[in-house]
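Below you'll find the structure, written out as structure tokens, and then a few comments.
We number each residue from 1, following the sequence as shown. What you see is a predicted model, and the numbers here were worked out from it, not measured in a lab.
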Amino acid sequence: MELFEDTPASNAHEFTVSEISGAVKRVIEGEFGRVRVRGEIGRVSRPSSGHLYFDLKDERACIAAVTWKGQAARLSTRPEEGIEVIATGRLTTFPGQSKYQLIVEEIEPAGAGALMMMLEKRRKALAAEGLFDESRKRPLPYLPRVIGVVTSPSGAVIRDILHRLRDRFPTRVLIWPVAVQGEACAPQVAAAIQGFNALPGDGPVPRPELLIVARGGGSLEDLWGFNEEAVVRAAAASEIPLISAVGHETDTTLIDFASDRRAPTPTAAAEMAVPVRAELAARLAEIRARMMRAAQTGNQRQRQRLADLGRALGRPQALTDPARQRFDLFAERLEPALRGFVRARRDRLNALPLSLSALRAMLRNRREALQGHQQRLPLSLARLRQRRAERLADLGQRLERARSRMLADSARQIARDRAALDQFAARLAAGAARLLPPRREALERLDRLRQTLGYRETLRRGFAVVHGPAGLLTSAAEAAQTPRFEIEFHDGRMAARPDTPPAKPARKPRQPKGQPSLF
């Protein structure tokens with residue numbers, strides 16, 4: 001290989017990517033300044049920015065279209081998937097993705113699309129047969145023991161449903177895997193609904209008490225399998241209550257009209273299927289608490305009646321007045337006696353000899369005892385661990401048996417509690433109407449008394465409280481000996497530090513100990 005190779009020089013201009021993109025943009029916008037395009041609207045996207053993104057298509061091609069936020073609010077016809085329209089606008093390019101798109105300024109309806117026309121015709125024919133009547137729809141079971149789900153086992157829909165059921169009320173779920181789009185979708189979904197209904201009640205596979213037909217969002221073509229007549233008839237003929245959760249909230253299929261309940265999303269279908277177990281438990285606890293309060297209210301009325309009757313008896317204070325007087329006399333001598341007792345104990349403690357040899361002997365004995373405990377500790381831990389493991393296994397078995405009994409008794413208990421709740425609701429409503437007004441008036445009186453007796457009302461009249469590290473400061477001498485203290489006003493505290501001690505603190509009138517200083 002030679003060090004220098006002769007290569008022919010090229011005189012062609014080198015364009016940048018931006019220059020090429022700009023040239024293509026100018027050519028397309030110059031040739032198609034304003035155009036009218038007829039086609040069927042495909043997928044429509046409405047992000048939070050307010051812009052509209054959709055596709056215009058026919059049998060051979062598809063053009064991306066966009067309407068900006070300001071123009072979208074002035075459109076006479078809102079774009080909907082499946083309708084045929086005449087869009088007026090201008091062609092331009094989007095260099096970021098190397099594609100061209102139509103900036104739509106006006107939309108005029110040009111007729112319904114073929115799929116939408118077929119869908120509307122089928123909906124009217126099935127509605128005329130009475131398959132969508134409200135009288136055919138059945139209520140959903142309150143606590144289904146087994147739920148059947150018809151969906152794809154590999155999608156995110158089944159995970160969302162199982163996760164929501166596990167969070168709200170864990171129950172048994174049977175999954176019938178089907179294709180959720182394409183030619184195999186309709187016959188598999190219809191066969192799944194019919195298969196669940198054909199299960200015997202006492203067979204090896206439990207018969208579901210509720211069915212959920214679910215699929216994620218998609219275009220009209222993706223969801224077309226749930227518009228087939230076989231699926232709609234299978235849903236209408238189902239003896240098991242059925243929830244349809246096909247697509248997102250804006251997607252509507254014919255199975256939604258034939259089902260007993262339509263859910264906007266698969267997660268919402270799981271929320272419709274079962275209640276929240278924690279809320280049920282809280283409701284039962286609330287009912288029990290209200291029962292206890294009702295019982296306490298009855299006892300309180302009896303107690304009040306007893307107190308009213310007791311007013312006719314003699315004054316009880318007359319029996320305790322002599323003992324109270326003796327208590328006051330002994331209280332005056334209590335403090336000196338306690339101080340003398342503490343002083344005697346302190347002197348006795350100071351007189352006790354404490355030798356260093358005794359301390360060393362005690363430490364040696366404690367060290368030997370600690371070493372003995374350390375040697376026995378591994379064996380004790382092993383025995384303790386074995387006993388705890390056996391006890392844990394036994395508790396696990398007992399817990400599993402108790403859980404089975406609790407699930408069996410919960411339904412009966414809920415029915416009994418519901419009947420009791422209705423009875424207590426009327427009684428508690430009447431009791432609340434009688435008790436709440438006097439209790440509210442008493443609370444307001446106590447609050448006004450609290451505000452009147454509080455020391456903060458005194459601070460609002462111009463007084464202040466001096467706080468030291470060990471408590472309130474009640475004299476100038478104590479303030480002078482304190483390095484830092486705080487002064488509390490009615491709207492907050494401020495730190496202060498005395499510059500010089502007072503000249504003659506003895507002449508200042510002495511305040512009772514424990515009372516705040518006034519400024």
Side-chain angles (χ1 to χ4, degrees), residues 80-82 112 114-142 144 146-152 155 157-158 161 173-199 207-274:
E80 296 181 5
E81 185 175 357
L115 290 179
M116 296 299 294
M117 293 177 59
M118 184 185 305
L119 180 61
E120 183 64 19
K121 181 178 179 181
R122 183 177 297 170
R123 187 189 68 80
K124 292 180 179 179
L126 296 174
E129 296 181 18
L131 298 182
F132 303 156
D133 293 345
E134 290 295 329
S135 59
R136 299 175 55 93
K137 301 183 183 300
R138 288 150 301 182
L140 303 181
Y142 184 69
V146 181
I147 298 176
V149 180
V150 180
T151 188
S152 173
V157 171
I158 187 60
I161 292 176
V173 179
L174 298 180
I175 303 174
W176 195 301
V178 296
V180 293
Q181 69 181 50
E183 297 180 356
C185 173
Q188 291 186 10
V189 172
I193 297 175
Q194 296 169 358
F196 273 130
N197 281 271
L199 290 175
R207 190 171 189 264
E209 298 179 1
L210 179 66
L211 296 182
I212 298 177
V213 179
R215 187 206 186 279
S219 62
L220 180 62
E221 292 83 357
D222 296 336
L223 304 178
W224 189 255
F226 298 91
N227 293 318
E228 295 291 346
E229 184 175 352
V231 175
V232 177
R233 293 188 181 278
S238 174
E239 298 178 357
I240 304 175
L242 187 142
I243 300 176
S244 64
V246 179
H248 297 303
E249 186 171 0
T250 56
D251 299 326
T252 303
T253 57
L254 293 184
I255 193 176
D256 296 334
F257 299 99
S259 61
D260 298 299
R261 186 74 64 87
R262 176 185 180 270
T265 60
T267 303
E271 294 176 354
M272 293 179 181
V274 295

Exercise. Applying ring pair (Phe, Tyr, Trp, His ring centres under 6.0 Å), name anything that partners Phe226, two or more places apart in sequence or on another chain.
Key: none
Quiz item: If you look at every heavy atom in Pro241 and Pro141, which pair is closest and at what distance?
Solution: CG-CD, 4.1 Å
Quiz item: Has the side chain of Thr151 got a donor or acceptor atom that lies under 3.5 Å from a matching backbone atom of Ala214?
Solution: yes
Self-check item: Partners passing salt bridge (charged side-chain N to carboxylate O under 4.0 Å, His left out) against Arg122 (at least two apart in sequence or in another chain)
Solution: Glu228
Practice problem: Taking all non-hydrogen atoms of both residues into account, name the closest pair between Val231 and Gly225 and its distance. | Solution: CG2-O, 3.5 Å
Exercise. Mind checking salt bridge (charged side-chain N to carboxylate O under 4.0 Å, His left out) for Arg207 and listing every partner two or more places apart, or none if nothing turns up?
Key: Glu239
Self-check item: Listed partners of Ala179 passing side chain to side chain contact (heavy atoms under 4.5 Å, CB included), at least two apart
Solution: Ala184, Gln188
Self-check item: Residue list, salt bridge (charged side-chain N to carboxylate O under 4.0 Å, His left out) with Asp260, at least two apart or on another chain
Solution: Arg138
Self-check item: Spatial distance of atom CG (Asn227) from atom CG (Leu254) [nearest 0.5 Å]
Solution: 4.5 Å
Quiz prompt | Exam field: side chain Asn197 to backbone Gln194, donor-acceptor pair closer than 3.5 Å | solution = no
Practice problem: Would you give the length of the straight line joining atom CG of Leu210 to atom CG of Leu242, rounded to the nearest 0.5 angstrom? | Solution: 7.5 Å
Exercise. Enter the distance from Ile255:CD1 to Arg215:CZ here, rounded to the nearest 0.5 Å.
Key: 12.5 Å
Quiz item: Going by heavy atoms in the side chains, are Ile161 and Val173 under 4.5 Å from each other?
Solution: no
Exercise. Tell me, with the steps shown, if Ile147 and Val274 meet side chain to side chain contact (heavy atoms under 4.5 Å, CB included).
Key: CA-CA 10 Å; Ile147 298 176; Val274 295; 3.9 Å; yes
Practice problem: Check whether any side-chain heavy atom of Pro177 sits under 4.5 Å from a side-chain heavy atom of Ile158, and report yes or no. | Solution: no
Practice problem: Could you tell me whether a side-chain N or O of Ser238 sits under 3.5 Å from a main-chain N or O of Ala235, the two making a donor and an acceptor? | Solution: no
Quiz prompt | Side-chain heavy atoms of Cys185 within contact of Val178, under 4.5 Å | solution = no
Practice problem: Can you label the angle between the Phe196 ring and the Trp176 ring as parallel, tilted or perpendicular, going by 30° and 60°? | Solution: perpendicular
Quiz item: How long is the gap from CG on Asp251 to CG on Leu223, to the nearest 0.5 Å?
Solution: 5.0 Å
Quiz prompt | Reported CG-to-CZ distance for the pair Leu140 and Arg261, which is rounded to 0.5 angstrom | solution = 4.5 Å
Quiz item: Who are the side chain to side chain contact (heavy atoms under 4.5 Å, CB included) partners of Ala269, not counting sequence neighbours?
Solution: Ile212, Ile243, Ala245, Ala263
Self-check item: Qualifying residue for side-chain contact (heavy atoms from CB on, under 4.5 Å) with Phe257, from Asp133, Thr252, Leu126
Solution: Thr252
